[in-house]
S.K.: 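I'd like to ask some things about the structure below.
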Amino acid sequence: MSEPREIIVELLRNIGGRKEVQEYLRHYTSVDARKFAVLRVGDLVLDTQRADIAAALGFLHRVGLYPIVVHGAGAQLQAALNRHSPARPRPERDGWLYTSPETLEAIRVAYRDSGLSLVDALQEQGTAARPITSGVFGAELIDEARHGLVGTVTQVDPTALTASIRAGQLPIVMSLGETSRGQLVDLSTDEAALALAGMVEPHKVIFLNSEGGIYDDAGRRVDAVNVADEAVPLSTQSRFSPRTRDRLRRIESALAALPGTTSVSVTRPSQLARELFTHRGAGTLLRRGERVRRYPEGEGVDRPRLRDLIEGCFGRSLTADYFDEKDVACVYLSEDYRGTAIVVREAGDAYLDKFAVTDKARGEGLGATIWRLVRADHPALFWRARRDNPVNRWYFDQADGTYAQGDWVTFWYGMDDFDDIQRCVARALAIPPTLSPNDARPRAGGRPEVTT
């Protein structure tokens with residue numbers, strides 16, 4: 001194993017686990033360097049956490065990874081505007097910020113200075129980086145009468161990015177575009193980063209901000225979102241500020257056009273490695289995802305395909321008569337058969353008999369989506385897991401109570417009566433196993449989320 005891989009594998013052992021090491025070796029050691037990640041660096045975080053950004057980017061560069069960085073201007077912009085028009089704020093027309101030629105020149109200078117300051121910070125620690133000030137974004141004006149020289153991206157030219165990466169330098173791109181007539185135009189940094197992602201189709205799109213995620217107006221952080229499974233798009237929910245809704249709208253639109261393997265994360269610079277390389281992450285994760293469907297009584301499920309999912313996750317064979325013997329209350333199943341929960345009736349009580357999600361889908365937050373539906377349908381539930389089940393730490397967080405005996409731990413929520421709990425625990429411990437005791441089949445992607 002080469003030195004860079006040894007560095008990152010050791011890091012993952014410390015901040016993640018065996019799954020994350022396997023995920024890294026599977027994805028990042030073979031990915032096209034240009035397709036690793038696009039990073040959008042926010043204005044405030046560029047001002048206040050430049051050293052953290054440089055350290056995080058420097059680490060990635062040392063292990064052979066080349067994120068494409070798209071940045072804003074931060075405090076540099078106000079300084080440049082003050083130099084051009086010290087007595088006047090940025091002009092508005094009809095309530096909209098207006099970019100005049102003089103304002104655009106100030107923006108260009110601010111972007112240049114911000115990019116160079118980040119390049120300097122990287123070079124001070126021995127990380128090669130190249131500022132790219134033009135030639136990436138083709139654009140057209142949105143509404144010159146209302147917005148002036150503000151544009152929208154029409155095309156992306158990766159030539160300069162590819163040349164930078166081939167030279168071993170991190171590309172640091174400012175979000176200015178050019179029209180077909182050569183007119184320089186101001187671009188939204190969010191739009192520029194997502195347009196670039198649409199061309200590159202990276203594994204990750206990262207928004208670096210000082211808050212470490214997306215928060216609603218009540219201060220609650222959004223953790224993981226499968227966009228396809230949301231009944232109402234986040235971008236239309238009033239609990240978010242107008243600025244946050246605008247960002248979510250752009251992200252949702254971008255995810256709809258990107259491969260299903262691409263995710264968007266919002267985090268702070270100091271947590272970048274954890275967000276990139278671990279399933280738990282350290283910010284807000286948004287994926288296009290897939291819809292999870294309910295199948296009451298298990299009707300309509302493709303049983304052979306569901307069996308393959310369960311056996312692939314467990315690495316063991318399911319009993320031949322499993323689906324006929326169980327009194328199935330509901331099967332929760334993702335559209336692409338990458339995650340499932342099977343709730344059965346045990347003496348009239350709801351029992352979670354199987355919970356299986358492939359490793360890759362776990363990193364997408366699919367398990368959390370399935371679990372949310374299960375809890376919504378079943379106010380009281382019990383289940384069991386072997387003592388050495390790697391998911392038990394998560395199960396403990398979800399349960400109101402637990403009881404361990406022999407090889408098993410029984411979990412439950414929504415039960416207060418001692419007699420009910422005692423009955424369910426006894427029933428859980430008496431249920432015969434439905435999976436073969438030996439590894440009869442290879443795992444599909446590693447150790448699964450399972451119960452029995």
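Values reported hereafter were calculated over all heavy atoms of this structure, with side chains retained and with hydrogens, waters and symmetry mates removed.
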S.K.: Within the structure provided, determine whether Phe207 and Val264 are in side-chain contact (heavy-atom separation under 4.5 Å).
M.R.: yes
S.K.: Just wondering, do Val69 and Val173 contact through their side chains at under 4.5 Å, heavy atoms?
M.R.: no
S.K.: Return the set of residues passing side chain to side chain donor-acceptor pair (under 3.5 Å) with Glu297 (not counting sequence neighbours), or none when no residue passes.
M.R.: Arg345
S.K.: Taking Asn392 for the side chain and Ala385 for the main chain, is one N or O donor matched with an acceptor at less than 3.5 Å?
M.R.: no
S.K.: Does Phe137 form a side chain to side chain contact (heavy atoms under 4.5 Å, CB included) with Leu196? I'd like the steps, not just the answer.
M.R.: CA-CA 8 Å; Phe137 301 108; Leu196 181 56; 4.2 Å; yes
S.K.: Centre-to-centre under 6.0 Å for Tyr403 and Trp412, is that the case here?
M.R.: no
S.K.: Which residues satisfy the ring-ring contact (aromatic ring centres under 6.0 Å, His included) test with His61, sequence neighbours excluded?
M.R.: Tyr66
S.K.: What residues form a salt bridge (Lys or Arg N to Asp or Glu O under 4.0 Å) with Arg221, not counting sequence neighbours?
M.R.: Asp223
S.K.: Going by salt bridge (charged side-chain N to carboxylate O under 4.0 Å, His left out), name the pairs with one or both residues in residues 206-216, residues two or more places apart or in two chains.
M.R.: Asp216-Arg220, Asp216-Arg239
S.K.: Test your reading of the model: is there a side-chain donor-acceptor pair from Glu335 to the backbone of Glu290, 3.5 Å cut-off?
M.R.: no
S.K.: Strictly distance-based, threshold 3.5 Å: is any side-chain N or O of Thr267 a donor or acceptor partner for the main-chain N or O of Leu272?
M.R.: no
S.K.: Counting only N and O atoms by type, is there a donor-acceptor contact under 3.5 Å from the side chain of Arg245 to the main-chain atoms of Phe240?
M.R.: yes
S.K.: List the residues meeting ring-ring contact (aromatic ring centres under 6.0 Å, His included) with Phe382, not counting sequence neighbours, and say none if there are none.
M.R.: Tyr351
S.K.: Asp52 and Ser270: side-chain hydrogen bond (donor to acceptor under 3.5 Å, both in side chains), yes or no, with the steps?
M.R.: CA-CA 6 Å; Asp52 288 339; Ser270 60; 5.3 Å; no
S.K.: Quick one: pull up CD in Glu178 and CD in Gln155 and give me the separation to the nearest 0.5 Å.
M.R.: 10.0 Å
S.K.: Can you tell me how far apart CG (Leu352) and CD (Gln398) are? Round to the nearest 0.5 Å.
M.R.: 11.5 Å
S.K.: Could you give the distance from CG (Leu285) to OG (Ser263), rounded to the nearest 0.5 Å?
M.R.: 5.0 Å
S.K.: Measuring only between side-chain heavy atoms, which start at C-beta, is Pro67 closer than 4.5 Å to Leu57?
M.R.: yes
S.K.: Using side chain to side chain contact (heavy atoms under 4.5 Å, CB included), reason through Leu286 and Asn226 one step at a time and then give a plain yes or no.
M.R.: CA-CA 6 Å; Leu286 301 103; Asn226 277 322; over 6 Å; no
S.K.: Step through it carefully: locate the ring centre of Trp394, locate the ring centre of Trp371, and say whether they are under 6.0 Å apart.
M.R.: yes
S.K.: How far apart are the closest heavy atoms of His378 and Leu381, and which atoms are they?
M.R.: CB-CD1, 4.5 Å
S.K.: Among all residues two or more places apart in sequence or in another chain, which pass the side-chain contact (heavy atoms from CB on, under 4.5 Å) test with Ala195?
M.R.: Val153, Val156
S.K.: Answer yes or no: is there a side-chain heavy-atom contact under 4.5 Å between Arg291 and Ser334?
M.R.: no
S.K.: Say you draw a straight line from OH of Tyr111 to NE2 of His71; how long is it, rounded to the nearest 0.5 Å?
M.R.: 8.5 Å
S.K.: Of all residues at least two apart in sequence or in a different chain, which pass the side-chain contact (heavy atoms from CB on, under 4.5 Å) check with Leu318?
M.R.: Arg307, Ile310, Glu311, Tyr322, Phe323, Lys354, Thr434, Leu435
S.K.: Considering residues at least two apart in sequence or located in another chain, which fulfil the side chain to side chain donor-acceptor pair (under 3.5 Å) criterion with Ser188?
M.R.: none
S.K.: Answer yes or no: is there a donor N or O on one side and an acceptor on the other, between the side chain of Arg40 and the main chain of Val205, under 3.5 Å?
M.R.: no
S.K.: Considering all heavy atoms of both residues, which atom of Val38 and which atom of Ala193 are nearest to each other, and what is their separation?
M.R.: CG1-O, 3.7 Å
S.K.: Of all heavy-atom pairs between Ser175 and Thr189, which one has the smallest distance, and what is that distance?
M.R.: OG-OG1, 3.1 Å
S.K.: Would you mind telling me which of Val301, Leu306, Val374 makes a side-chain contact (heavy atoms from CB on, under 4.5 Å) with Ile342?
M.R.: Leu306
S.K.: Between Gly367 and Val357, what is the shortest heavy-atom contact and its length?
M.R.: CA-CG2, 3.9 Å
S.K.: For residues 247-258, run the donor-acceptor check on the side chains, cut-off 3.5 Å, and write out each pair with its distance to 0.1 Å, sequence neighbours left out.
M.R.:
from	atom 1	to	atom 2	distance (Å)
Arg247	NE	Asp190	OD2	2.9
Arg247	NH2	Asp190	OD1	3.1
Arg247	NH2	Asp190	OD2	3.4
Arg249	NH2	Asp246	OD1	2.7
Arg250	NE	Asp246	OD2	3.4
Glu252	OE1	Ser235	OG	2.5
Glu252	OE2	Leu234	N	3.0
Glu252	OE2	Ser235	N	3.3

S.K.: Going from OG1 on Thr127 to CZ on Phe59, what distance comes out if it is rounded to the nearest 0.5 angstrom?
M.R.: 11.5 Å
S.K.: Holding to side-chain contact (heavy atoms from CB on, under 4.5 Å), I want the full list of residues that pass it with Asp377, two or more places apart in sequence or in another chain.
M.R.: Arg294, Tyr332
S.K.: For the side chain of Thr152 and the backbone of Ile142, is there at least one donor-acceptor N/O pair under 3.5 Å apart?
M.R.: no
S.K.: Mind jotting down which residue pairs meet the salt bridge (charged side-chain N to carboxylate O under 4.0 Å, His left out) criterion with at least one end in residues 400-428? Sequence neighbours excluded, please.
M.R.: Glu346-Arg427, Asp349-Arg423, Asp420-Arg423
S.K.: Are the side chains of Arg293 and Leu333 in touch, meaning some heavy atoms are under 4.5 Å apart?
M.R.: no
S.K.: Of all the heavy-atom pairs spanning Ser241 and Asp217, show the shortest one and how long it is.
M.R.: N-OD1, 3.4 Å
S.K.: If you measure from CG on Asn209 to CD on Gln49, what distance do you get to the nearest 0.5 Å?
M.R.: 8.5 Å
S.K.: Got a donor-acceptor contact below 3.5 angstrom from the Ser114 side chain to the Ala73 backbone?
M.R.: yes
S.K.: Is it true that a side-chain atom of Ser436 and a backbone atom of Ser317 form a donor plus acceptor pair closer than 3.5 Å?
M.R.: yes
S.K.: Taking side chain as C-beta onward, heavy atoms only, is Ile53 less than 4.5 Å from Leu118?
M.R.: yes
S.K.: So, do Val150 and Leu141 sit near enough that their side-chain heavy atoms are less than 4.5 Å apart?
M.R.: no
S.K.: Please check this pair: side chain of Asp336 against backbone of Arg338, looking for a donor-acceptor N/O pair closer than 3.5 Å.
M.R.: no
S.K.: What residues form a side-chain contact (heavy atoms from CB on, under 4.5 Å) with Ala404, not counting sequence neighbours?
M.R.: Arg387, Val409
S.K.: Just so I know, are the side chains of Val292 and Leu366 near enough to count as touching, which here means a heavy-atom distance under 4.5 Å?
M.R.: yes
S.K.: Inspect the surroundings of CZ in Arg305 and state if more than 12 heavy atoms from other residues, nucleotides or ligands are less than 6.0 Å away.
M.R.: yes
